[in-house]
Trainee: 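Pasting in a structure now, in structure tokens, and then I'll have a few things to ask.
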Number of protein chains: 2
Amino acid sequence: MANESVSELKRLKMSDIARLCGVSTSTVSRALAGSPLIQEATREMIIQIADANGYVINPLARGLRLQRTNTIGVVFPLGAITAQLISDPFFQQMLGHMVDEISLRGYQILVSKVTPPKPGWLRELIKAHRTDGMVVIGQSDQHAALNDAGQVYLPLVVWGAHLPDQQYCVVGLDNIAGGRMATEHLISIGRRRIAFLGDPSPPEIAQRRQGYLAACQAAGLDVTDRLIVPAGFSPQQAEAAAERLLTENPDVDAIFAASDVIALSALHALRRAGKRVPQDVAVIGFDDSAVAAHSNPPLTTVRQDLAHAAHLMVDQLFRRLEGEATAGETLAPELIIRQSTVAP
Amino acid sequence: MANESVSELKRLKMSDIARLCGVSTSTVSRALAGSPLIQEATREMIIQIADANGYVINPLARGLRLQRTNTIGVVFPLGAITAQLISDPFFQQMLGHMVDEISLRGYQILVSKVTPPKPGWLRELIKAHRTDGMVVIGQSDQHAALNDAGQVYLPLVVWGAHLPDQQYCVVGLDNIAGGRMATEHLISIGRRRIAFLGDPSPPEIAQRRQGYLAACQAAGLDVTDRLIVPAGFSPQQAEAAAERLLTENPDVDAIFAASDVIALSALHALRRAGKRVPQDVAVIGFDDSAVAAHSNPPLTTVRQDLAHAAHLMVDQLFRRLEGEATAGETLAPELIIRQSTVAP
DNA sequence: AACCGATAGACAATCGTTTGCAGGAGGCAA
DNA sequence: TTGCCTCCTGCAAACGATTGTCTATCGGTT
């Protein structure tokens, strides 16, 4: 048995099977592919011998010949800001959903982390022809590269913000609406000195801030720059930013954090500063990741339905593989009210 | 510019570059590979022309010829229990760390979700030769398949439990010690009716339960079967299991959950049943995932350092790629005491 | 017996690289 | 001028599949 195992692992090619069956390679190829050119009896005999010998087709050779790899690339362009993929549960969740959706369709997943992106990165990735299509998670600061590639490469779908001069297919949340929605909620519970915590270099976050500013203006709140604090996505950076905010603006009465992770760090900082949530300071996050529902207090947040998003993206990607120039989609954010803004 | 872009995307092969340079394909190949056979001047000329035309080497053809793909496979064998990769943050985090570690070494990552595993799955994956090595995350119920492959395929590293008759390289936590540690902690704070919540079909969980049983016996606690409740890993399943536990054993005074997700569900169920944590029932989880620190109350748990684990696994895998038969490693669990077992 | 049509299966080119081997150009010494 | 040696560079054969084209075989018909 062990011996058989060893022998079974040795490289076995189609021509070997052909020899064992006493037919030519082409016949084996056609038989395995289920071509009608091959007689049923021959086909069965060949298949039987092939898997008795543990033959597995070589996808590299097949891909080279067919110019198809049965593989989708999932790409994370990470700017200097977020060097680690694991730094935010958002990326992890999105990746998990992508794996689920793509493998459901019988494709393999090739994950690339591009960090930091060099000028031709997307073109190079495309021209390598290792994947039949590509999903890019987050625009980072790579709008230009995406535009450049999106014009000429159809099977590309991007998760991110909708930008005005966009030449590529985007599926993404309406971040402006999300930012407005969050801020209006804070205003509706009587808050006036509302801070925004988040790094606006990714366009998603910039749009959330834009929505925040719009809501503040509409309510006649004046937003000093000091209420807008750039905060990195890692818990450490976020906590430092929250502390800076609190020392510079002791009278802040609400915090809109650009992600749940940032919001949790803010909760921590507030607790250490002796502020009560939500009585002294209300806190709202963004994403509705797993942590939000279980935090103390449970976190009010703006939900993005990543399972649905992933499904849509993969659906559009596969339609693009068929040649359809899909239009992208804008998802509606949903406000999830919990106890970090409204005491029970 | 747009026009140049379009032209740049058309398939360009090495022989095209050779023609443009007025040399042969072999010279281009050698030049790009930095072979000392090619004169420096020629080499520079070729490289200059190659990337002026945006030439990208075709990794499929290269891989076919070299029998090397510069790719590592990350495989999740999911039994019937966990059909979704995204169901547990453990898998997501592990995947995130794997992507970080592997791309750090300049390799690509090919993710496969195998669900449910069919008899020859691992052998087939190996024989496809799409990857130079393979990391399997979790043994699920596939110990036999792993043994079968591990005997003949060197570049394979598995995350999971250490089992007696193991023929493959495992990096994993000492789950028995972890289970014992958790249970002893509960005993040390005076708990006597300690429940175990978790599905013991994956060996990791079985070993945690084994440690739990050992600690109970050592302390002279008798464990009725009714205190051991199989609970799925999804929040819904876990919550149902926790509720069943509470109705069947109203006098339970501690719960050891096999994962943090299960523990959080238990917290929910306890709150709904009107029990205080930790006063009435102490709760301890496993993993120390991101949710644990922020829950209400913060969750006491047994920490597995996944960043370190991922680093070790990838390190051993690359040593195996060099031919070294690495021995695997057992990581020590660490008890993280928070307020779900000890009131502040 | 000769011919024809249909059909199963073989041949060979192709996908885009890498690399062992052979050969050509140029330099230097005799 | 010849011969030899040293560098470069080119030729062609892999790597392992797929597929258009062509051939052989077989049965049936006249």
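No experiment lies behind these values; they were computed from the predicted model shown.
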Trainee: Between A:Leu66 (CG) and D:dT18 (C1'), how many Å, whole number?
Mentor: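 Distance, rounded to whole Å: 6 Å.
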Trainee: Check nucleotides 24-27 of chain C for protein N or O atoms closer than 3.5 Å to its own N or O atoms and list the pairs.
Mentor:
none

Trainee: Under a 4.0 Å N-O cut-off, is there an ion pair linking B:Arg105 with B:Asp100?
Mentor: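 Looking at B:Asp100 together with B:Arg105, the answer is no, because their closest N to O distance does not fall below 4.0 Å.
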Trainee: Would you call B:Arg19 and B:Asp16 a salt bridge, using N to O less than 4.0 angstrom?
Mentor: yes
Trainee: Rounded off to whole Å, could you give me the NZ-to-P distance for the A:Lys127 and C:dT17 pair?
Mentor: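 So the two atoms are 12 Å apart, to the nearest Å.
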Trainee: Let me know the distance between NZ of B:Lys13 and P of C:dG16, rounded to the nearest Å.
Mentor: 4 Å
Trainee: Please report the C-alpha distance between B:Tyr168 and B:Tyr153 in whole Å, then the side-chain angles of each, then the deciding distance to 0.1 Å, and finally whether the ring-ring contact (aromatic ring centres under 6.0 Å, His included) criterion is met.
Mentor: CA-CA 9 Å; B:Tyr168 48 94; B:Tyr153 182 69; over 10 Å; no
Trainee: Looking at B:Tyr55, does any N or O in its side chain come under 4.0 Å of the phosphate oxygens OP1/OP2 on C:dG16?
Mentor: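 So the side chain of B:Tyr55 is outside the cut-off, no N or O lying under 4.0 Å from OP1 or OP2 of C:dG16.
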Trainee: Output the rounded distance in Å from CG (A:Asp16) to C1' (D:dC15).
Mentor: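 So the two atoms are 13 Å apart, to the nearest Å.
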Trainee: Take the protein atom CD of B:Gln67 and the nucleotide atom C1' of D:dA17, then report the distance between them rounded to whole Å.
Mentor: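 It works out to 12 Å between those atoms.
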Trainee: What I want to find out is whether A:Arg320 reaches A:Asp132 closely enough, with some N-O distance under 4.0 Å, to be called a salt bridge.
Mentor: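 No.
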Trainee: Distance alone, cut at 3.5 Å: any donor-acceptor contact between the side chains of A:Trp159 and A:Gln139?
Mentor: no
Trainee: Whole angstrom is fine here: how far is it from CZ in A:Arg62 over to P in C:dG16?
Mentor: 17 Å
Trainee: Under a 4.0 Å N-O cut-off, is there an ion pair linking B:Arg43 with B:Glu40?
Mentor: yes
Trainee: Among D:dA17, C:dT17, C:dC15, find the nucleotide with the atom closest to the side chain of B:Ala61.
Mentor: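 Within the option list, the nearest is C:dT17.
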Trainee: To the nearest Å, how far apart are A:Ile57 CD1 and D:dG16 C1'?
Mentor: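 So the two atoms are 10 Å apart, to the nearest Å.
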Trainee: Could I get a table of every N or O pair under 3.5 Å where one atom is in the protein and the other is in nucleotides 7-12 of chain D?
Mentor:
from: D:dT9; atom 1: OP1; to: B:Thr42; atom 2: OG1; distance (Å): 3.3
from: D:dG10; atom 1: OP1; to: B:Ser24; atom 2: N; distance (Å): 3.4
from: D:dG10; atom 1: OP2; to: B:Ser24; atom 2: N; distance (Å): 2.6
from: D:dG10; atom 1: OP2; to: B:Ser24; atom 2: OG; distance (Å): 2.8
from: D:dG10; atom 1: OP2; to: B:Thr27; atom 2: OG1; distance (Å): 2.5
from: D:dG10; atom 1: O6; to: B:Arg30; atom 2: NH2; distance (Å): 2.4
from: D:dC11; atom 1: N4; to: B:Ser26; atom 2: OG; distance (Å): 3.0

Trainee: So does A:Arg319 pair up with A:Glu322, basic N to acidic O under 4.0 Å?
Mentor: no
Trainee: Can you confirm whether B:Val111 sits close enough to A:Gln108 that some side-chain heavy atom of one is under 4.5 Å from a side-chain heavy atom of the other?
Mentor: no
Trainee: Output the rounded distance in Å from CZ (A:Arg130) to P (C:dT17).
Mentor: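 Atom-to-atom, A:Arg130 to C:dT17, this comes out as 14 Å.
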